[in-house]
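The block underneath contains the structure these notes are about, expressed in structure tokens.
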Amino acid sequence: QFLESGGDSVQAGGSLILSCKASGVTYSHYCMAWYRQSPGQEREGVARIAADGTSAYADSVKRRFAISRDDAKNTLYLQMNDLRPEDSAMYYCAARTTLGGVCPADLFTYPLGSLYWGQGTQVTVSS
């Protein structure tokens with residue numbers, strides 16, 4: 001139901017735009033988020049966005065990444081700028097049904113099993 005795309009291999013300092021297209025769902029009913037996971041690491045929240053556009057970011061990506069959504073296209077985006085080798089990971093879009101598409105402030109502490117997931121798209125940043 002959620003299909004990510006846009007992952008690639010880039011040099012440090014480069015940019016990428018990830019997309020997550022949903023099908024069979026009413027996008028506006030979901031709090032949407034991007035997570036990432038590196039080999040041997042836990043999956044971590046990167047950014048989240050509510051249906052009204054309210055967004056929040058992990059400290060590690062603030063002022064470099066921008067999350068956005070187009071509910072008419074059922075698509076979530078992640079603009080990633082000034083990429084660093086430590087940003088290398090599999091990136092996943094995630095969704096949680098909430099009243100009004102509001103994102104809980106502590107979304108990133110929720111059990112991973114409480115979210116809907118895409119299959120992931122790989123981002124590799126070389127120095």
Side-chain angles (χ1 to χ4, degrees):
Q1 289 184 325
F2 298 96
L3 181 62
E4 301 93 334
S5 62
D8 205 344
S9 296
V10 297
Q11 295 283 325
S15 299
L16 284 174
I17 300 176
L18 305 184
S19 300
C20 174
K21 175 75 172 177
S23 60
V25 300
T26 303
Y27 220 65
S28 60
H29 293 176
Y30 290 86
C31 162
M32 300 298 300
W34 287 97
Y35 286 68
R36 66 187 182 187
Q37 186 169 20
S38 304
Q41 303 295 318
E42 293 187 353
R43 194 169 297 189
E44 62 173 357
V46 173
R48 57 173 169 82
I49 186 167
D52 67 357
T54 303
S55 60
Y57 298 87
D59 289 342
S60 59
V61 305
K62 281 181 180 177
R63 292 175 294 280
R64 298 190 299 122
F65 290 12
I67 190 172
S68 62
R69 62 193 287 168
D70 186 335
D71 289 357
K73 295 181 179 180
N74 273 9
T75 304
L76 176 73
Y77 302 97
L78 185 68
Q79 170 74 52
M80 303 189 294
N81 300 319
D82 189 25
L83 283 161
R84 304 167 181 170
E86 54 265 38
D87 295 319
S88 297
M90 186 71 79
Y91 282 72
Y92 299 89
C93 71
R96 181 174 174 88
T97 306
T98 65
L99 184 63
V102 176
C103 287
D106 59 349
L107 176 70
F108 294 157
T109 69
Y110 280 34
L112 300 182
S114 67
L115 303 171
Y116 299 103
W117 296 95
Q119 295 299 307
T121 185
Q122 179 67 40
V123 173
T124 303
V125 185
S126 57
S127 58

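Basis for what follows: all heavy atoms, side chains included, without hydrogens, waters or symmetry-related copies. Owing to the predicted nature of the structure, the values given are computational and were not obtained by experimental measurement.
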- Query: Cationic tip of R96 within the cone over Y110's six-membered ring, i.e. under 6.0 Å and within 45° of the normal?
  - Reply: no

- So do the side chains of V123 and R36 get within less than 4.5 Å of each other, counting heavy atoms only? no

- Query: Can you find a heavy atom in the side chain of R64 that is under 4.5 Å from one in the side chain of M80?
  - Reply: no

Gap separating the [atom1] atom of [X] from the [atom2] atom of [Y], nearest 0.5 angstrom:
X   : Y    : atom1 : atom2 : answer
W34 : F65  : CH2   : CZ    : 11.0 Å
E44 : Q37  : CD    : CD    : 9.5 Å
K21 : Y77  : NZ    : OH    : 7.5 Å
C20 : Q119 : SG    : CD    : 11.0 Å

- Task: Could you tell me whether a side-chain N or O of D70 sits under 3.5 Å from a main-chain N or O of K73, the two making a donor and an acceptor?
- Result: yes

Which pair of non-hydrogen atoms, one from [X] and one from [Y], has the smallest distance, and what is that distance?
X    : Y    : value
Y57  : A66  : OH-CA, 3.3 Å
A51  : S28  : CB-O, 3.5 Å
E4   : C93  : OE2-N, 2.9 Å
A33  : L107 : CB-CD2, 3.9 Å
A94  : W117 : CB-CZ3, 3.6 Å
C103 : M32  : SG-N, 4.1 Å

If two hydrophobic side chains count as joined below 4.5 Å and joins carry through other members, does [X] share a cluster with [Y]?
X   : Y    : result
L83 : V61  : yes
I49 : Y92  : no
L3  : M90  : no
I67 : Y116 : yes

- Indicate, with yes or no, if the rings of F108 and Y35 have centres closer together than 6.0 Å. yes

- Message: Closer than 4.0 angstrom, basic N to acidic O: yes or no for D59 and K62?
- Response: yes

- Note on the structure: Per side chain to side chain contact (heavy atoms under 4.5 Å, CB included), L18 is matched among V46, L78, L76 by L78

